[in-house]
Amino acid sequence: MLAGLPRGATKGPCWEPEFVNRLHQVELIESTAVTADVTRLVFSAPEVAKLARPGQFLHVKVGGEDAFYLRRPISIHDVIEDRMVLLVRRVGYGTNWLADRPVGSAIDLIGPLGTGFDSTLAGAQSLVVGGGIGCGPLLYLLRSLKVRETPGTYIVGGRHAADLFSIEDFSSVAKDVLIATDDGSQGHKGLVTELLASELNDTSRKYEAIFACGPEPMLKAVSAIAAEHGIPCEVSVEALMACGIGVCLSCVHKAQVDGSTEYVRVCKEGPVFNTRSLVWGN
Amino acid sequence: MLAGLPRGATKGPCWEPEFVNRLHQVELIESTAVTADVTRLVFSAPEVAKLARPGQFLHVKVGGEDAFYLRRPISIHDVIEDRMVLLVRRVGYGTNWLADRPVGSAIDLIGPLGTGFDSTLAGAQSLVVGGGIGCGPLLYLLRSLKVRETPGTYIVGGRHAADLFSIEDFSSVAKDVLIATDDGSQGHKGLVTELLASELNDTSRKYEAIFACGPEPMLKAVSAIAAEHGIPCEVSVEALMACGIGVCLSCVHKAQVDGSTEYVRVCKEGPVFNTRSLVWGN
Amino acid sequence: MSVDLSIEIAGIKMSAPVTTASGTFASGREYGDFIDLSELGAITAKTITFEPREGNPPPRMSETPSGMLNSIGLQNPGVDEFVEKDLPFLRDTGVPIILSIAGTRVEEYAILASRLSREEGIAALELNISCPNVKEGGVQFGVSSHLTAELVEEVRSLTDLPLIAKLTPNVSSITDIAVAAVGAGADAISLINTVSGMAIDIERRIPRLAVGSGGLSGPAIRPIAVKMVHDVSKAVEVPIIGMGGIRTGEDAIEFILAGASAVAVGTSNFSDPMATAGVVEGIRQYCDRHNVSKITDLIGDLNPR
Amino acid sequence: MSVDLSIEIAGIKMSAPVTTASGTFASGREYGDFIDLSELGAITAKTITFEPREGNPPPRMSETPSGMLNSIGLQNPGVDEFVEKDLPFLRDTGVPIILSIAGTRVEEYAILASRLSREEGIAALELNISCPNVKEGGVQFGVSSHLTAELVEEVRSLTDLPLIAKLTPNVSSITDIAVAAVGAGADAISLINTVSGMAIDIERRIPRLAVGSGGLSGPAIRPIAVKMVHDVSKAVEVPIIGMGGIRTGEDAIEFILAGASAVAVGTSNFSDPMATAGVVEGIRQYCDRHNVSKITDLIGDLNPR
Ligand SMILES: Cc1cc2nc3c(=O)[nH]c(=O)nc-3n(C[C@H](O)[C@H](O)[C@H](O)COP(=O)(O)OP(=O)(O)OC[C@H]3O[C@@H](n4cnc5c(N)ncnc54)[C@H](O)[C@@H]3O)c2cc1C
Ligand SMILES: Cc1cc2nc3c(=O)[nH]c(=O)nc-3n(C[C@H](O)[C@H](O)[C@H](O)COP(=O)(O)OP(=O)(O)OC[C@H]3O[C@@H](n4cnc5c(N)ncnc54)[C@H](O)[C@@H]3O)c2cc1C
Ligand SMILES: Cc1cc2nc3c(=O)[nH]c(=O)nc-3n(C[C@H](O)[C@H](O)[C@H](O)COP(=O)(O)O)c2cc1C
Ligand SMILES: Cc1cc2nc3c(=O)[nH]c(=O)nc-3n(C[C@H](O)[C@H](O)[C@H](O)COP(=O)(O)O)c2cc1C
Ligand code: FES
Ligand code: FES
């Protein structure tokens with residue numbers, strides 16, 4: 001059962017949770033459109049920056065004072081000194097509201113939240129796979145892998161070349177960057193999972209871990225490929241969240257816990273899960 | 001009954017309604033705080049300015065695109081060439097939203113609405129009585145009286161001197177300005193109705209009409225004084241409005257129509273009523 | 001591709017699946033200044049009663065989060081004046097006219113129905129058995145299957161006009177009431193009327209509405225309405241006119257997918273006087289975007305999860 | 001002047017008239033990072049059942065205008081694990097603990113009540129007879145006066161703990177249910193639980209919640225809740241805990257003036273993790289501003305219009 005899940009049960013020991021569920025008021029100091037619908041937001045956020053780990057997210061208040069809106073979960077894209085970077089894709093009210101904030105705005109957020117990636121899994125060689133806005137949290141992961149001197153290979157997919165973003169940023173922290181687009185407008189023409197499979201089939205490399213973030217069908221495919229090759233794999237899953245801190249049980253995903261399947265909280269036991277414990281579908 | 005009320009039944013013949021219930025997008029070109037809680041907003045609004053008559057109001061959309069709010073009725077304070085001036089007192093969400101709009105904002109409004117004051121009543125001498133934010137519509141009325149060469153005497157009341165606003169504007173269009181404050185910090189110490197009564201008791205003047213706008217208790221008192229002196233009196237009343245155009249029957253006030261009392265629409269048959277036809281209380 | 005938005009509900013031929021929610025559009029005159037009324041599928045006029053009704057004392061309105069409370073209390077000039085002054089205007093719009101009627105007793109509905117059956121140019125009668133504001137009025141019918149059936153049956157026997165029963169959401173089981181209404185001869189069901197609610201002015205410690213409480217409408221109640229439309233559409237065979245918080249074409253599509261054959265726009269008119277036309281246009285755009293050639297294909301087209 | 005915010009409800013001594021709405025505060029651990037839990041009048045924990053419950057498949061949540069739908073489906077670890085892992089933490093907060101219980105049969109409530117009566121540090125039991133998400137669960141009790149009475153009576157006979165009956169708003173007459181619960185021995189009434197609702201993803205043409213529909217909460221339902229609290233307070237003599245869309249002290253005062261002796265904060269916690277503390281502070285400020293010396297003076301202090 002849920003309450004029976006030891007904290008960090010699905011995680012390596014290095015991510016001993018030391019949550020600081022504090023509210024922060026952070027200042028937006030930079031806002032740049034990086035694609036037609038993705039905006040890069042930089043905040044001055046020393047406290048959050050200090051605590052943030054790759055794969056964690058922030059629960060961000062959207063909308064003015066007078067209207068009622070739930071918070072929106074947004075991954076930590078990068079941390080640069082005391083600044084925190086988010087990538088926001090405009091999909092609805094909240095993300096548009098965020099992407100439209102003028103520089104200088106104060107934003108109210110909770111975090112960092114969730115368990116994050118276990119970069120100790122990585123060893124010398126790892127693959128970091130991203131699709132769509134799911135690439136967001138991977139930059140900071142790659143940066144931390146590089147800092148650990150185990151830089152990862154970044155495999156990224158998108159529909160067109162125009163949907164890819166921040167490739168230079170990724171290049172600066174990844175060992176290598178491999179690109180797939182549905183229409184072949186850049187890199188491999190086809191799915192990111194095809195690139196992943198061919199990398200793994202290349203026996204000259206010995207990958208020790210896979211990290212992925214993107215749409216659920218992609219994660220499921222990545223997970224299957226990892227299982228096939230017997231490689232540890234962590235994925236960051238999405239879920240609709242209300243509280244973001246483990247209270248409401250809105251955000252659950254099916255997982256194996258102590259040999260039985262149950263619903264675990266994406267906001268608390270996740271959003272990053274080892275695919276070993278994750279169960280796809282309801 | 002309501003549908004039986006001939007348009008303009010409670011009005012003089014000059015206000016033959018020629019409503020143009022069109023939506024306007026107008027640009028905010030000036031915003032100034034005139035007291036601690038009253039803001040003066042100037043819009044570039046040629047179409048509205050052309051049609052606007054003293055005592056009419058606008059039904060203004062407040063709040064962003066994504067949240068649902070009803071419109072807010074705001075009186076036309078003044079019309080200067082193709083500009084329209086509103087005075088907004090901060091009392092809640094909508095008025096704060098309006099008063100906080102940055103210059104350059106586009107505001108969506110319907111109007112001009114309602115029947116307005118019948119300035120033909122005025123004759124050579126008239127009294128124009130205002131209390132609180134109710135002074136709003138009276139500037140444009142006084143201006144039109146002046147244009148007709150029958151300038152009115154303006155009697156205004158407030159709690160303190162600090163609550164009075166735009167006195168210079170009023171002075172420039174009124175024959176005379178008389179002030180009452182509750183605490184005597186400016187002008188007569190006491191109620192505006194006391195000033196009104198003493199004006200009327202001064203037999204050297206022969207007032208032919210009274211126009212008033214302000215809180216309902218004040219209007220009721222003014223109405224009683226007018227009746228006592230047998231002087232025609234028009235008051236602009238407030239009501240909570242949903243549609244603002246005569247559809248929903250939210251805004252009603254009790255009135256005499258064809259010898260019986262019924263609920264008439266403040267937004268359509270009003271907001272200005274001849275006190276002859278108005279019934280106070282439910 | 002030009003989508004076919006037309007739909008026939010209980011013999012009412014609507015050019016688009018959009019009408020107005022009774023009491024939020026008067027008889028259409030005022031909104032005719034903002035939109036082309038002939039683009040609407042039908043106009044549903046404000047509820048009328050046999051005798052004139054004064055309505056409730058003001059205040060009659062209070063804004064609430066994403067909605068409003070009202071306690072108008074069915075103010076209306078009575079059927080005779082309505083027929084004389086408003087019906088000709090409505091007829092002239094050229095769109096089907098749905099007349100909403102209410103009464104305090106079965107006989108009053110009956111007499112109204114007979115009276116209106118003699119008039120030209122009425123497409124259907126909507127039985128407002130649900131207005132929560134009038135103590136001695138409709139609410140008693142709408143919360144009881146038995147009374148609803150009795151009422152519909154009686155009116156049914158007196159008129160050949162299509163009958164739409166408009167249901168109140170303030171019940172334990174809306175499907176029971178819908179089944180009763182249809183069993184007694186209702187040709188269509190419309191729902192929901194307003195949800196009972198109350199707001200208090202805490203500074204003055206008085207209710208915000210003079211009569212204490214009123215009916216909640218607007219986007220706040222949309223999820224409640226969608227659920228009830230969905231449930232009723234599974235329970236009865238007749239077409240449903242769905243309403244409750246519809247602002248856009250997308251909102252309307254939500255109701256249609258839930259099982260409504262048409263929708264009505266109410267409170268949104270007040271904030272956006274072009275809302276009805278916008279809903280028609282929004283439905284058209286959705287259909288274009290999704291290659292829907294006939295709106296009827298969308299009715300109840302909800303996939304299981 | 002320091003206002004006395006304390007209130008006693010069915011023997012529960014609360015230092016402030018504010019508790020948490022069951023299911024929106026878990027057992028308080030998480031929000032304890034944001035607020036000082038000891039400032040709350042009581043903590044009402046998430047509903048527990050006898051056996052562990054897996055809950056409904058996701059998605060379980062959908063935002064709506066000024067509110068949200070949920071279909072959690074009472075996921076919980078069962079009473080034994082709760083008593084072992086959560087109750088000690090709750091006890092340690094030092095504030096009165098209200099445990100919400102639910103079951104699919106009267107016997108399950110009964111067995112839970114007996115089981116919990118043996119534990120230390122429980123101030124009261126709240127009977128969740130109203131969760132609309134669990135088909136085979138509480139909803140059947142809460143919509144029927146008869147079943148409500150039967151349930152309360154049975155539980156009453158098995159425990160000395162104060163009993164709070166938590167009512168569902170999805171009924172024709174909430175006062176009937178309240179009267180039945182009190183008649184059967186409920187020491188207090190809490191209301192409202194969520195309002196049944198549904199939302200549809202029109203792009204994918206599927207319900208937004210995996211199980212189709214869920215419960216609406218948040219500011220959108222506040223007017224519905226205020227009305228029901230008001231009506232129930234006129235119908236029964238026992239204290240009422242009011243909830244539904246409370247965000248601020250002002251909102252809480254609205255419920256208290258309507259007749260609630262205390263309030264619970266639910267959905268607002270999610271957007272503002274300090275909401276409960278803010279409500280306590282807001283109530284205090286209102287009392288200061290209005291020279292209210294005892295919060296109890298405000299209960300039901302509504303002037304007629
Ligand atoms: C752990 C986590 C990390 C995330 N990180 C990021 C990030 O770094 N950058 C980013 O832009 N987004 C991220 N998301 C997604 C983001 O939270 C949602 O896009 C956002 O909540 C949508 O809010 P909205 O008000 O803009 O859209 P809404 O108005 O709520 O919804 C608009 C439409 O988008 C759909 N939608 C809602 N949520 C999602 C979703 N999660 N994904 C796709 N469509 C959705 C809705 O069903 C609806 O049809 C993350 C989500 C999670 C759970
Ligand atoms: C015909 C007419 C003309 C008006 N002209 C002006 C004007 O020129 N300038 C101006 O500032 N206001 C004017 N008002 C009043 C204005 O419409 C309201 O103050 C406004 O609607 C309040 O909206 P809000 O969202 O700010 O307050 P809300 O959040 O709706 O309410 C905040 C508080 O103020 C109270 N309140 C609501 N409406 C009024 C009201 N009409 N008067 C006083 N208190 C109210 C509420 O009960 C509540 O307690 C006019 C009203 C009418 C009917
Ligand atoms: C101001 C107002 C007046 C209403 N009058 C009536 C009425 O006379 N007859 C009726 O059947 N419904 C009446 N209703 C209910 C609406 O027709 C509609 O059922 C309800 O408001 C829900 O739709 P909405 O949320 O789109 O407004 C009224 C609603 C409002 C807001
Ligand atoms: C996510 C969520 C979970 C809930 N779980 C429960 C529950 O387990 N037991 C219960 O009695 N009520 C439950 N409720 C209902 C709340 O306790 C409360 O009655 C309702 O949400 C109205 O209050 P609000 O608008 O402040 O949230 C839940 C509500 C939400 C939003
Ligand atoms: S979002 Fe509330 S438990 Fe995860
Ligand atoms: S505000 Fe709707 S009729 Fe006046």
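Considering all non-hydrogen atoms of both residues, A/Leu23 and D/Met274 come closest at CD1-SD, 3.5 Å. In plain terms, the two heavy atoms of D/Phe270 and A/Val247 that are nearest each other are CE2-CG1, 4.4 Å. Minimum interatomic distance between D/Arg247 and A/Ala67 (heavy atoms only, all atoms of both residues): NH2-O, 3.6 Å. When all heavy atoms of D/Ser271 and A/Lys61 are compared, the pair lying nearest together is O-CD, 4.4 Å. Scanning both residues, D/Ile72 and A/Leu249, for their nearest heavy atoms gives CD1-O, 3.3 Å.
Within a 6.0 Å radius of CZ in D/Arg91, more than 12 heavy atoms belonging to other residues, nucleotides or ligands are found. With a 6.0 Å radius and a threshold of 12 heavy atoms from other residues, nucleotides or ligands, A/Gln25 has its CD atom above the threshold. Surrounding CD1 of D/Ile111 are at most 12 heavy atoms belonging to other residues, nucleotides or ligands under 6.0 Å away.
No other option in D/Glu63, D/Met68, D/Lys46 has as many heavy-atom pairs under 4.5 Å with chain A as D/Glu63.
You'll find the side chain of A/Leu240 stays beyond 4.5 Å of the side chain of D/Arg208, heavy atoms only. You'll find the side chain of D/Gln75 stays beyond 4.5 Å of the side chain of A/Arg265, heavy atoms only. A heavy-atom distance below 4.5 Å is not found between the side chains of A/Ser260 and D/Glu54.
Among A/Cys243, A/Cys248, A/Ser250, the one residue that satisfies the side-chain contact (heavy atoms from CB on, under 4.5 Å) test with D/Met61 is A/Ser250.
The contact between A/Tyr69 and chain D is made by backbone and side chain atoms together, counting heavy-atom distances below 4.5 Å.
For D/Arg60 and A/Tyr263, the positive end sits near the middle of the six-membered ring, less than 6.0 Å away and at most 45° from its axis.
To the nearest 0.5 angstrom, A/Leu70 atom CG is 9.5 Å from D/Ser268 atom OG.
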